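These numbers were taken from a predicted model, which means no experiment stands behind them.
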Amino acid sequence: MKKNISLLVSIVFFSIYNSIILSSQEILWWYDLKDSAFGQACAGDIDNDNFYEIVFGCYRNDSCVYALNSEDGSLLWKYNTSTTTREGCNDVAPLIFDVNKDGAKEVIVPSSCNPTTFCFNGSDGSLLWKTPTRGSDSPPTIGDLDGNGDLEILHGEFGGYVICIDAKTGRNNWEILVQPKSWIQTAPTLIDLNGDGLLDFIVATWCLNPNDTNWVYAYRGYDQKLLWKKPVGGTVYHGFSIADLDDDKSSELIFGDYSGTLYVLKSATGEVLWTYYDKDFYYLGSPVTIADLNNDGKCELIFTTAFSVVCLGNNGEIFWKYNLFNDFPSFRGVALSDLDSDGILDVVFGTKQGKVIILDGTTGTQIGSIDLQAHLGKEFSIDHAPLIADFNKDNKPDIFIVGGKTTYPDFTNNYGRAYLISFGHGSSKEWIMFQHDEHRTSSLCRKDNSSNFVKEHKSCQVEVSEDFDKINVLIKFNENIEFNLSLFDFLGRTVEQSTHYTSNGNEYIYGINKSTISSGIYYLGIYTRNFIETVLLTILN
């Protein structure tokens with residue numbers, strides 16, 4: 001049952017740098033549940049009302065997937081994924097995407113107890129398709145792996161498999177055994193590893209036998225050929241982040257394992273660039289979030305360990321460390337946004353004792369917090385990463401998070417609650433899905449070959465280049481040809497409507513002014529009478 005409250009709590013304190021501190025927070029609404037939600041929710045306008053809806057799944061005592069209207073917390077729809085013999089353990093971060101390119105968004109949710117992946121129509125929660133699987137804790141990713149213009153959904157499975165599902169129909173395209181006697185818990189992170197202009201994928205293992213070696217596996221997307229593999233010291237849960245840390249124009253893969261080690265690998269070869277180990281980490285289970293926190297042009301790495309939130313520089317030096325001596329940060333990781341309008345990204349995360357904490361990105365100093373366990377009045381553990389956006393359009397950033405109490409095998413007394421909290425007065429750069437984007441890259445600091453590549457086709461060639469204030473897409477055709485262009489954001493929203501062009505001298509340059517578009521991942525669609533080409537663009541402002 002949903003309730004409304006307006007609770008204003010003043011927090012007046014100052015950092016040693018006299019920076020602006022968040023002075024208030026307000027609980028805008030909450031929604032009561034029968035169990036916790038794990039992973040992270042996802043937000044998008046799935047009913048075309050110009051407001052985001054927030055979608056998340058709950059564990060087995062609840063068994064439902066929920067879509068809430070973000071402006072007031074009311075229920076848009078819910079779907080119970082249980083059967084007569086299995087509960088619906090919806091403990092995977094969902095995905096919102098226009099899977100069939102019809103202009104309407106769908107919701108993709110893999111389930112674990114009921115081994116099925118569901119695709120719902122976003123507007124009303126009706127079932128578009130469902131696909132039997134081996135069960136999954138792996139967040140789904142989506143992309144065009146074979147360059148044919150159709151989308152594929154990938155996620156890991158129990159038993160050591162990765163499955164590829166046709167996004168439009170739900171057909172099982174293929175399934176590969178990565179490593180027996182393991183689980184693939186990581187999302188299959190999508191990236192062009194070999195420079196051929198097509199997406200590849202990387203996964204890692206969670207071995208069930210502690211004596212087995214865990215590995216990272218890199219596969220070519222269109223035929224699943226193993227490109228390389230690398231052993232690691234412990235099980236891996238949350239997978240990979242992508243950035244060019246050493247400024248060599250190629251990307252690195254950054255991740256942690258349960259030995260407490262952080263790894264930085266060259267994405268093309270798996271070569272270890274450097275590692276960082278701290279015995280006090282105990283484990284490193286969260287995704288590594290990557291961004292330029294102090295605006296110096298270099299990437300920082302932020303992650304959670306057993307008792308701390310840690311920020312490293314791009315060369316592995318400690319930038320700052322925030323310790324929670326009597327609490328545990330959620331191993332789902334952190335979200336980033338500028339919540340106090342100082343031009344610096346702030347770090348937001350939940351804790352096992354029900355707190356939402358905000359840290360200044362440059363210093364690691366706490367600048368805001370709220371105790372949701374105290375508000376609820378009973379045990380409230382957050383095993384969920386936050387979402388950040390101006391959900392109610394009042395020009396203030398809001399934070400969405402879910403917590404509760406989950407025990408098993410007797411789960412009949414479990415409970416949960418979803419909260420939307422208004423924090424500060426900042427610009428509210430959005431963080432609206434797990435690991436930031438549908439390729440699960442966890443990065444606001446990408447300067448890799450994903451946005452600078454050449455794609456060869458029988459009918460056209462595409463070259464993408466970037467300067468200080470502009471992205472230039474050079475399209476070369478084999479002949480003078482008429483075509484349309486459309487630019488979409490990573491949620492499938494049209495940024496620029498389809499426009500008719502004619503190539504001049506077999507070439508056309510499409511320019512994007514970076515000052516008029518937000519940072520993020522975009523798709524440029526090139527449509528001719530004979531073929532469709534999609535170009536992935538990563539834009540950083």
Side-chain angles (χ1 to χ4, degrees), residues 40-57 64-72 74-81 90 92-111 116-131 139-145 148-155 164-171 173 190 387 389 391 393 400 430 432-434 437-439 484-499 518 520-527 532-537:
Q40 189 175 38
C42 193
D45 184 5
I46 58 178
D47 62 356
N48 294 316
D49 66 348
N50 294 316
F51 283 92
Y52 281 155
E53 284 69 48
I54 301 174
V55 180
F56 58 93
C64 289
V65 177
Y66 289 88
L68 303 182
N69 293 300
S70 68
E71 66 270 25
D72 61 6
S74 60
L75 179 68
L76 178 63
W77 55 261
K78 67 177 181 178
Y79 186 100
N80 192 315
T81 64
N90 311 303
V92 178
L95 179 68
I96 294 174
F97 208 83
D98 181 1
V99 300
N100 50 13
K101 300 182 181 180
D102 65 351
K105 295 180 178 63
E106 288 76 38
V107 175
I108 302 99
V109 181
S111 186
T116 305
T117 293
F118 298 87
C119 182
F120 305 102
N121 290 300
S123 59
D124 60 6
S126 59
L127 190 63
L128 181 63
W129 52 256
K130 63 179 181 179
T131 301
T141 54
I142 189 169
D144 180 6
L145 271 68
N148 68 352
D150 297 326
L151 296 171
E152 291 82 39
I153 294 168
L154 269 66
H155 63 74
C164 174
I165 300 171
D166 183 278
K168 185 176 181 180
T169 66
R171 182 185 67 247
N173 283 347
L190 302 185
L387 302 182
F391 287 109
K393 296 189 176 181
F400 175 84
E430 294 181 343
I432 56 175
M433 72 175 72
F434 187 62
D437 54 72
E438 79 280 3
H439 290 171
N484 293 337
L485 293 176
S486 293
L487 185 65
F488 305 94
D489 68 9
F490 63 90
L491 289 179
R493 297 173 295 197
T494 301
V495 177
E496 180 175 308
Q497 295 292 335
S498 181
T499 306
S518 301
I521 295 175
Y522 295 85
Y523 294 92
L524 178 65
I526 306 168
Y527 306 91
I532 299 173
E533 168 61 14
T534 303
V535 182
L536 174 67
L537 301 171

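- Considering only heavy atoms from C-beta on, D150 stays 4.5 Å or farther from D144 through its side chain.
- Here the shortest heavy-atom pairing between E430 and A389 reads CG-CB, 3.9 Å.
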Practice task
Test side chain to side chain donor-acceptor pair (under 3.5 Å) on D72 and S74 and set out the steps.
Solution key: CA-CA 6 Å; D72 61 6; S74 60; 2.8 Å; yes

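- Minimum interatomic distance between G44 and I96 (heavy atoms only, all atoms of both residues): N-CD1, 3.6 Å.
- At a threshold of 4.5 Å between non-hydrogen side-chain atoms, the residues L128 and N100 count as touching.
- Proximity of a side-chain donor or acceptor of D437 to a complementary backbone N or O of H439 within less than 3.5 Å is detected.
- Looking at F118 and V65, their side chains never come closer than 4.5 Å, going by heavy atoms from C-beta outward.
- In this structure, C164 SG and H155 NE2 are separated by 10.0 Å, a value rounded to the nearest 0.5 Å.
- Considering all non-hydrogen atoms of both residues, M433 and E438 come closest at SD-N, 3.4 Å.
- Closest approach of S111 to N90, counting heavy atoms only: OG-OD1, 3.4 Å.
- Checked by atom type and distance alone, the side chain of S70 never pairs as donor or acceptor with a backbone atom of I54 at under 3.5 Å.
- Side chain of W129 to main chain of A167: a donor-acceptor pair is present (N/O by atom type, distance under 3.5 Å, no hydrogens or angles).
- Between F56 and Y66, the two ring planes are parallel [angle under 30°; tilted spans 30° to 60°].
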Handout entry: V109/T81 under side-chain contact (heavy atoms from CB on, under 4.5 Å): CA gap, chis, key distance, verdict
Key = CA-CA 10 Å; V109 181; T81 64; 5.8 Å; no

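- Summarising the geometry of I108 relative to C119, their closest heavy-atom pair is CG1-SG, 4.3 Å, with the distance given to 0.1 Å.
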Exercise for the section: Check the pair F391 / F400 against ring-ring contact (aromatic ring centres under 6.0 Å, His included), numbers first and verdict last. Expected result: CA-CA 9 Å; F391 287 109; F400 175 84; 7.0 Å; no

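- Residues L151 and K101 have side chains in contact (heavy-atom distance under 4.5 Å, counting atoms from C-beta outward).
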Exercise for the section: Apply side-chain contact (heavy atoms from CB on, under 4.5 Å) to the pair T117 and I153, showing each step before the final yes or no. Expected result: CA-CA 10 Å; T117 293; I153 294 168; 5.5 Å; no

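- Partners of T141 under the side-chain hydrogen bond (donor to acceptor under 3.5 Å, both in side chains) rule, at least two apart in sequence or in another chain, do not exist in this structure.
- Across all non-hydrogen atoms, the minimal contact from Y79 to G125 is CD1-O, 3.8 Å.
- Every side-chain hydrogen bond (donor to acceptor under 3.5 Å, both in side chains) that T116 has, sequence neighbours left out, goes to N114.
- The shortest distance between side-chain heavy atoms of R171 and I165 does not fall below 4.5 Å.
- Atom CG of L68 sits about 6.0 Å away from atom CG of L75, to the nearest 0.5 Å.
- When each of N121, D124, D98, V55 is paired with I46, the side chain to side chain contact (heavy atoms under 4.5 Å, CB included) condition holds for V55 and for no other.
- Applying the side chain to side chain contact (heavy atoms under 4.5 Å, CB included) criterion to D49, with sequence neighbours excluded, gives D45, D47, F51, E53, N69, E71.
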